[in-house]
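The block underneath contains the structure these notes are about, expressed in structure tokens.
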Amino acid sequence: MKTKEGGGTMASLVSHEWLLAHLSDETIRIVDCRFWLGDPAKGASLYREDHIPGAVYPIETGDPSSDA
């Protein structure tokens, strides 16, 4: 699956169908790792607005591309 978001092309690691079938699987961890270099807070903000049920967001603060 490919989607167009923010001008770039993104590829999924699994299909929508596979994800839907495995949402209740306790051995699967869904990680929402969207990030925009020009706006480091945007990914976390979008995650808080809406995300896949059970998904976690690993980067709540800061810029993961910085040395700090």
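- The distance from atom CD1 of Ile30 to atom CG of Leu23, rounded to the nearest 0.5 Å, is 5.0 Å.
- In this structure, CG on Leu37 lies 5.5 Å from CZ on Phe35, to the nearest 0.5 angstrom.
- One finds the OH atom of Tyr57 at 7.5 Å from the CZ atom of Arg34 (value rounded to the nearest 0.5 Å).
- Distance check, rounded to the nearest 0.5 Å: CG of Leu19 to CD1 of Ile52 gives 4.5 Å.
- Between Trp36 and Leu46 the shortest heavy-atom distance is CH2-CD1, 3.5 Å.
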